[in-house]
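Contents: one structure, followed by commentary.
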Amino acid sequence: MSDVAVRFCGIELAHPIVNASGTFDAIAARRAFGDELLCRFPFSAFVSKTVTVAPRQGNPPPRLWELPAGLMNSIGLPNKGLEGYLEHDLPELARLPVPLIVNVMGFTHAEVAQLVRAFSDRPEVSALELNVSCPNVETGTLIGSDPAEVTALLDVVRPLTDKPMIVKLTPNATDVPAVARAAQDAGADAVSLINTLRGMALAPGTGRPWLGGGTGGVSGPAVRAIALAQTHAVCCEVGIPVVAMGGVQTGRDAAELLAVGATLVAVGTESFRDPLAGARIACELDALTIPALH
């Protein structure tokens, strides 16, 4: 894979394919596949599921709904919380053969600051990804939908660490490129997109929402064209690296996102169908040449 090696925010990666946060449980995969997972790890870096300050149980079931061209989930970010993550998950993930990127989310600036401080001095962590697709309880505004909110958050947390900081954008903003530009101007080292799109499914014969959380996030091939358009728009607006994702199933899908300016491509829903999708897509990508549009 030497032909597709890439440098991202100062981190050397064997190829441009990583996982989307929350779509590949490396700890569970290690239990299932043993040390073979370490020898055949499908991604060039591992992005953890979201860590919050307090433990979260997540949304009530049902949590998944299959779509004709994708998946809708209402997982609700279940995790052990910061203390549990540091005690239980981080030692396991530190054994992976690739750099670790930790995704964090808080409902206030103070919570995000606490998370950033906690990981700032951890040598196991190569970079941080800020999930801003949540409401700020202090203002009621979805943080990632408002350039001013993103700027205010980064003004607080950017000085707290020297580690690369990626801002994961929401696709549900009026002007996604403007939010990306605000993140760049406030000190973000990279941005990632797209997150899932909000959707709903009704239980057959009842007219009531099927998912326990009422609505869920739509992902998979159905959102690929949206991901391509938003990635292109953001890459035209910013000069920092972009991690692109949304419906990637093949090397050609990844190549198209790279062609419009992305530096890395993340695989999400496809890993549920094929646990080694990341490695397969990286190999397919290596065999392709698509002229850059950016």
Side-chain angles (χ1 to χ4, degrees), residues 11 18-35 37-38 41-43 45-64 73-138 143-144 153 156-158 160-168 170 192 195-196 211-213 216-217 219 266 268 271-272 275:
I11 306 167
V18 300
N19 66 298
S21 173
T23 63
F24 188 87
D25 189 334
I27 295 175
R30 178 92 187 276
R31 288 197 297 266
F33 299 110
D35 287 344
L37 178 73
L38 303 183
F41 198 73
F43 305 106
F46 180 71
V47 184
S48 79
K49 61 184 178 181
T50 299
V51 182
T52 54
V53 172
R56 288 177 59 92
Q57 293 297 317
N59 290 337
R63 290 179 168 183
L64 296 175
N73 84 83
S74 179
I75 307 298
L77 305 176
N79 70 101
K80 299 181 179 72
L82 176 58
E83 290 185 9
Y85 185 91
L86 292 173
E87 181 179 355
H88 300 289
D89 290 10
L90 187 58
E92 291 291 326
L93 296 176
R95 300 176 67 183
L96 297 177
V98 296
L100 172 62
I101 300 171
V102 175
N103 180 293
V104 300
M105 187 192 80
F107 293 98
T108 66
H109 293 172
E111 284 189 357
V112 182
Q114 182 179 349
L115 291 158
V116 169
R117 285 193 193 94
F119 291 111
S120 179
D121 295 328
R122 301 303 297 243
E124 309 96 318
V125 178
S126 296
L128 294 171
E129 183 177 59
L130 304 185
N131 182 353
V132 296
S133 300
C134 61
N136 182 346
V137 296
E138 296 164 331
I143 295 174
L153 175 63
V156 172
V157 303
R158 175 69 275 186
L160 303 179
T161 183
D162 293 328
K163 292 186 185 297
M165 190 170 286
I166 308 158
V167 175
K168 186 165 189 177
T170 174
S192 58
N195 210 328
T196 56
L211 294 169
S219 64
S271 291
F272 290 95

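Keep in mind that the numbers below use all heavy atoms, side chains included, and drop hydrogens, waters and symmetry copies.
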key: Check: Leu211 and Asn73 side chains under 4.5 Å, non-hydrogen atoms   = no
request  = State, with a plain yes or no, whether a side-chain heavy atom of Val112 is found less than 4.5 Å away from one of Val156.
outcome  = no
ask   = Where is the tightest heavy-atom contact between Phe43 and Val98, given as atom of each residue plus distance?
value = O-CG1, 3.2 Å
note = When rounded to the nearest 0.5 Å, the distance separating NZ of Lys168 from CG of Asn103 is 6.0 Å
request  = Spell out, as yes or no, whether a donor-acceptor pair under 3.5 Å connects the side chain of Arg63 to the backbone of Asn59.
outcome  = yes
pair Leu90-Leu100: side-chain heavy atoms closer than 4.5 Å = yes
ask   = Which heavy atom of Thr23 sits nearest a heavy atom of Gly268, and at what distance?
value = OG1-CA, 3.4 Å
message = Test your reading of the model: is there a side-chain donor-acceptor pair from Ser21 to the backbone of Ser48, 3.5 Å cut-off?
response = yes
request  = Report yes if some heavy atom in the side chain of Leu130 is under 4.5 Å from a heavy atom in the side chain of Met165; otherwise report no.
outcome  = yes
query = Do Asn131 and Val104 have side chains that get closer than 4.5 Å, going by heavy atoms?
reply = no
task = Kindly indicate whether the side chain of Val47, heavy atoms from C-beta on, has any atom under 4.5 Å from the side chain of Phe24.
result = no
inquiry  = Could you report the tightest heavy-atom contact between Ile143 and Gly106, atom names first, then the distance?
reply    = CD1-O, 4.3 Å
query = Got a donor-acceptor contact below 3.5 angstrom from the Lys163 side chain to the Val125 backbone?
reply = yes
key: Inter-residue atom distance Asn79.CG - Thr50.OG1, 0.5 Å rounding   = 7.5 Å
ask   = Between atom CG of Leu128 and atom CZ of Arg122, what is the distance when rounded to the nearest 0.5 Å?
value = 12.0 Å
query = Heavy-atom distance under 4.5 Å between the side chains of His88 and Ile27, does that happen here?
reply = no
ask   = When Arg30 is tested against each of Leu38, Asp25, Leu96 for side chain to side chain contact (heavy atoms under 4.5 Å, CB included), which residue passes?
value = Leu38
ask   = Do Thr170 and Val132 come within less than 4.5 Å of each other through their side chains, counting heavy atoms only?
value = no
